[in-house]
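Some notes on the structure that comes next.
Bear in mind the structure is a predicted one, so any value in this text is a computation, not a measurement. Proteins come first, then strands; the chains are lettered A, B, ... in the order of their sequence lines, and each starts at number 1. Below, all heavy atoms of this structure are taken into account, side chains as well, without hydrogens, waters or symmetry copies.
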Protein chains: 2
Amino acid sequence: MDKTASTPQALRRTNLKAVLEVMRDAGAMTGTDLIEATGLTRATVIAVCDDLIRRGWVRELEGERSSGTQKGRPARRFEFNASAGCVLGLDVGLATVTVLVAGLTGQILGRAAERFSKTADEAGRRTTIARTTDRALAEAGLPHSAVLAVGIGLSTAVDRHGNITKGLQLSEHFDIGLQTELWQEHGWPVLLENDANLAALGEHWCGVGAGVDDLAVMLAGERLGTGLLESGRLLHGSNGGAGEVGTLELVDGVGSQDGIARLARHWGTAALAEGKPTLIRDLVGPHTARVSARFVFEAAAKDDPVAQEILERIGRRMARVISLLGTFLNPELVVIGGAVSASATALLPTINAELPRLTGTPPRVAVSELGDAIVATGAVRLALAYVEDNALALTPAGAGQGAGL
Amino acid sequence: MDKTASTPQALRRTNLKAVLEVMRDAGAMTGTDLIEATGLTRATVIAVCDDLIRRGWVRELEGERSSGTQKGRPARRFEFNASAGCVLGLDVGLATVTVLVAGLTGQILGRAAERFSKTADEAGRRTTIARTTDRALAEAGLPHSAVLAVGIGLSTAVDRHGNITKGLQLSEHFDIGLQTELWQEHGWPVLLENDANLAALGEHWCGVGAGVDDLAVMLAGERLGTGLLESGRLLHGSNGGAGEVGTLELVDGVGSQDGIARLARHWGTAALAEGKPTLIRDLVGPHTARVSARFVFEAAAKDDPVAQEILERIGRRMARVISLLGTFLNPELVVIGGAVSASATALLPTINAELPRLTGTPPRVAVSELGDAIVATGAVRLALAYVEDNALALTPAGAGQGAGL
DNA sequence: GAGTTTAAATTTAGACACTAAATCAAATGG
DNA sequence: CCATTTGATTTAGTGTCTAAATTTAAACTC
C-alpha cells in the first residue's frame with residue numbers, strides 16, 4: 001500500500017516541477033539559463049518548457065531578445081505565467097474580514113475589507129465574507145474561475161491538516177462552514193490555518209523576517225497568539241495549539257487571554273479611575289470612559305509618565321513571553337505584529353532592556369511592517385504553497401492564454 | 001545551481017530505495033509481496049531485488065518456502081540484510097560514556113560503558129571513548145570495518161547540521177575532536193546531537209512515546225534538558241538551543257540549571273542541616289553529609305514526610321515546566337527520562353494534580369522505561385537514519401556475504 | 001549581398017527504466 | 001504423467017533522458 005514507486009512519467013513530472021520552480025522565482029529565462037539552473041540537457045529543457053506552455057503554466061515571450069550578447073540565433077524566452085490564475089488570502093477575524101487577491105508570483109491584484117454586523121449569525125457572516133471576496137475579485141478584474149486556491153486565517157487553533165480543533169477554548173466559534181458551504185459552487189480548495197501561524201508565514205515571506213528560518217511572530221492585539229517557524233516550517237503541535245500562549249499564566253495577573261491592546265485599555269482605564277493626572281484623559285475626551293490602546297501609546301509618545309509606566313509594564317510582560325519563547329524554541333528573531341504593531345516600536349526599548357535579565361540567549365526582536373495585512377498576506381502565501389505543490393495536478397484557468405495543442 | 005532534476009538512473013534509485021524501505025520494516029518478502037507493497041511490476045521488482053543483492057543490502061533466503069499456499073512454483077524470498085553492517089550509538093556524558101552496537105534493523109549486538117577518569121584531559125577522554133567502543137564492538141564480534149555510521153549524544157547544544165554551538169553556555173566543553181580526530185583512521189561518518197534530542201528520538205523509536213509524533217522528552221538528572229519532536233521531526237532552533245530549559249528562570253529560586261537529582265540533593269541536604277527529623281538521615285548514614293537523590297526518593301517511598309515534601313516541590317517544579325512546554329509546543333505526550341527515571345514515578349501524582357491548575361490543555365505525562373540507555377538508543381536511531389538516507393551511496397561491508405558479480 | 005560566425009534549436013541515435021503480455025520454470029495433486 | 005498453480009524470465013513496446021550531429025536564425029565581415 002506504499003505506492004512510492006516511480007514510472008518514467010514520474011521522471012517527467014519531477015523535471016516539469018523543477019523547471020517550473022526555477023522559473024517561478026527567476027523571472028524570464030532562456031533555454032540556456034535553464035540548462036545552467038537545472039543541469040538538464042537542452043533538448044530536455046525545451047521539451048519540458050513546451051510541455052509547460054501547453055499546460056498553461058508558462059508563456060513564451062515574443063519580441064526583442066534579452067540583454068547580453070547580441071550574436072547568434074536569438075533564444076526563445078520563457079516566463080512563469082503569473083496570471084495563469086490567482087489565489088485568495090483571507091483574514092477572518094472576530095470583527096472584520098480582509099481579503100487579498102494575488103497572482104501566482106504573489107503580486108497583489110485586489111483587496112477589500114468589511115466589518116461583520118454585530119448581530120450576524122453564521123449564515124450572515126458567510127454572506128459578508130462572500131461579498132467582500134467578490135469585491136476584491138472585481139477590483140482585480142478576475143472571474144471566479146481564475147481562483148486556484150483560498151487560504152484563510154482564523155483566530156482559533158487549527159491542526160496541521162487544516163482542521164479546526166475542537167476543545168481548545170480559544171476566542172470564538174469559527175467553524176462556520178468555510179470549507180463546506182461558503183464556496184461550494186466554485187469548488188475552490190479552501191485551506192484553513194491559525195492567524196498567528198499565517199502571520200509567521202507572511203513575515204517569513206516578505207516581512208522583516210524574510211529569510212529567517214527560525215522565527216516567532218507574536219500577533220498581539222486584543223488576543224495574544226504566536227506563530228512559530230522552525231527551519232522554515234510551521235509548528236502546530238498535536239492539536240494545533242502550539243504557540244497559543246493566550247492561556248499562559250504570567251506573573252502579573254490581570255487575566256490570561258490579554259493581548260497588548262486589551263492590557264493598554266485595562267491599565268489606562270484603571271489609571272483614569274484612580275484619578276491620576278495624565279494626558280490620556282485629554283486624549284480620550286469628556287464623552288467616554290472607554291480608553292482605547294491608541295490613546296495610551298499617543299500619551300506615552302508625548303512623555304506622559306502614567307502612559308509610559310503602562311507601556312513599561314506591557315513591555316516587561318512581552319519580554320517575559322519572548323524569553324520563554326527563546327528558551328523553548330530558540331528562534332533567531334521574534335517579530336511583534338498585529339493591530340498594535342504601528343505603536344509597538346515604543347515597547348522595544350523596554351523589551352530589549354529586560355530580555356538579557358531573563359535569558360542568557362535573547363533572540364532579536366523586531367516590529368512588523370506588514371500592518372493590517374499581516375495575516376491575509378500569510379494566507380496568500382499558504383494558498384500559493386498549495387498551488388505550487390499541486391501545480392501539475394491543477395488546471396490553470398488563466399486570463400486569456402490560447403490553449404493551443 | 002539547483003540540480004534537482006532527474007535522469008532515468010534516478011528513477012531506479014528511487015525504486016531501489018522504495019523497495020529497500022519496505023523490506024526493512026517488513027521482514028522477509030516474496031516478489032509478489034513487493035509487487036503488492038510498491039505497485040511496481042514483477043519484472044521490475046525482481047530486477048531491483050537482484051540489484052540490491054548485488055549491492056549487499058539484501059540477501060536471498062534459501063530453504064523452505066514461506067507460509068500460505070503450498071501450490072505453484074516456490075517464490076524466491078528476499079530479506080533486508082540486517083548484518084550488512086552496524087551502527088554505533090554513544091552517550092558521551094559528563095562522567096561516563098555508554099556505547100551501543102546495533103545491526104541495521106536496530107537489534108542491539110553489543111554494549112559497553114565506562115567512567116571517565118576525573119583527571120583526564122581531552123586526549124584522555126578520547127582514549128576512554130575509543131576503548132569503550134572497541135569493547136562493545138568486540139562483544140558484538142564485529143570488525144571496525146562493519147561500522148557504517150556513529151551517532152553521539154552530548155550534553156551541549158548542537159545545531160541541526162550537527163555542529164556544536166559555541167556561545168551557548170551549557171555544562172562543559174564537549175568539542176573534543178569527536179568528529180575530526182577520534183576515529184579518523186576508520187573514516188566513520190560521525191553525527192553529533194544534543195543528548196535530550198536523542199532521548200526524544202529514542203523514546204519515539206521504541207519507548208513509551210513510540211508512534212507519538214508530537215513528543216517532548218525531559219532528560220532530568222543533574223541537568224535538565226528537553227528534546228522536542230514535532231510531527232516526528234526534531235526541533236533545534238537557530239542555534240540548537242531549542243528545549244534547553246537549563247537556563248530557565250523559575251519561580252522558586254534555588255539556581256537555574258538544576259535537574260531533579262540536583263534539586264533532591266540540595267533540598268535534602270538543607271533539611272538535614274535544619275535538623276528536621278527524617279528517614280533521610282538514617283539512609284545517608286553517619287559518615288557523610290552528602291545526600292544523594294536516591295536517598296530522598298527512598299525515604300519518600302517509606303512515607304517520610306520531609307522527603308515527600310521535597311518530592312512535591314520537585315513535582316510542582318516539573319509541572320510548571322511541562323505546562324510551559326504544553327503551551328508553547330502542544331505535545332501529545334511528555335516523557336520524563338534520564339538518571340532519575342527509575343524513581344520518577346513517585347513524581348507523577350503531584351505532576352498530574354498540578355498540571356490542570358496551570359494549563360487548560362495539559363499533555364499526557366509518562367515515565368521512560370529506557371533507563372540508562374535512553375540517549376545511546378537515540379544515538380543508534382540517529383545513526384540508522386543516516387544509513388537509511390544514504391544507503392545507496394554507502395558500501396555495506398557486511399559480515400560475510402558473498403560479493404557476486 | 002554572399003559568406004562567416006555564433007548561439008540556439010532540433011534531430012538522431014543510443015541508453016536506461018519501466019509496463020504488458022507471452023513464455024518458461026518449478027512445485028503440487030489427481 | 002499431465003493439468004494446475006504460481007513465480008520468474010523474456011520479448012516487444014513506450015517514455016524519458018543524454019550526447020552528438022545537424023539545422024536554424026540572427027549578427028558580423030568583407
Distance in angstrom units between B:R76 CZ and C:dA27 C1', rounded: 16 Å
In short, the helix from C:dG1-D:dC30 to C:dG30-D:dC1 is bent end to end, axes from five pairs each side, to 10°, by 30°
Partner set under side-chain contact (heavy atoms from CB on, under 4.5 Å) for B:A379, not counting sequence neighbours: B:L198
Rounded to whole Å, please give me the gap between CG in B:L11 and P in C:dA15. 18 Å
Whole angstrom is fine here: how far is it from CZ in B:R13 over to P in D:dC17? 14 Å
To the nearest Å, give me how far apart CZ (B:R77) and P (C:dA27) are. 15 Å
Quick one: do B:E79 and B:R24 make a salt bridge, cutoff under 4.0 Å? no
Would A:R77 and A:D33 pass as an ion pair if we require N to O under 4.0 Å? no
Is any side-chain N or O of A:N15 closer than 4.0 Å to OP1 or OP2 of D:dC17? yes
Check every atom of D:dG7, C:dA17, C:dT6 against the side chain of B:A75 and return the nucleotide holding the closest atom. D:dG7
A:R160 bridged to A:E193 by N-O distance under 4.0 Å: no
Quick check for you: among D:dT16, D:dG7, D:dA26, whose closest atom lies nearest to any side-chain atom of A:P74? D:dA26
Considering residues at least two apart in sequence or located in another chain, which fulfil the side-chain contact (heavy atoms from CB on, under 4.5 Å) criterion with A:V212? A:L215, A:E332, A:L333
B:N81 and its side-chain hydrogen bond (donor to acceptor under 3.5 Å, both in side chains) partner, picked from B:E60, B:R59, B:R55: B:R59
Close N or O pairs between protein and nucleotides 18-21 of chain D (under 3.5 Å):
residue : atom : partner : partner atom : Å
D:dT18  : OP2  : A:T41   : N            : 3.2
D:dT18  : OP2  : A:T41   : OG1          : 2.6
D:dT18  : OP2  : A:T44   : OG1          : 2.6
D:dT18  : O5'  : A:T41   : OG1          : 2.9

Report the nucleotide, chosen from C:dC16, D:dA8, C:dT10, that has the shortest atom-to-atom distance to any side-chain atom of B:R73. D:dA8
Output the rounded distance in Å from CG (A:D50) to C1' (D:dT16). 15 Å
Does a side-chain N or O of B:R12 approach OP1 or OP2 of D:dT16 to a distance below 4.0 Å, or not? no
Which atom pairs, one a donor and one an acceptor, fall under 3.5 Å between side chains of residues 386-394 of chain A and the rest of the protein, sequence neighbours left out?
residue : atom : partner : partner atom : Å
A:E388  : OE1  : A:R381  : NH2          : 3.1
A:E388  : OE2  : A:R381  : NH2          : 3.3

Between A:R13 and A:D51, does at least one N-O distance fall below 4.0 Å, as a salt bridge requires? no
Distance, rounded to the nearest Å, where B:D51 contributes CG and D:dA8 contributes C1': 17 Å
Side chain of A:K71 only, heavy atoms from C-beta on: which candidate in D:dA26, D:dC28, C:dA25 is closest? D:dC28
Nearest whole angstrom, please: distance from the C1' of C:dT11 to the CD1 of A:I46. 13 Å
B:Q9: what forms a side-chain contact (heavy atoms from CB on, under 4.5 Å) with it, not counting sequence neighbours? B:T7
Output the rounded distance in Å from CD (A:Q9) to C1' (C:dA20). 13 Å
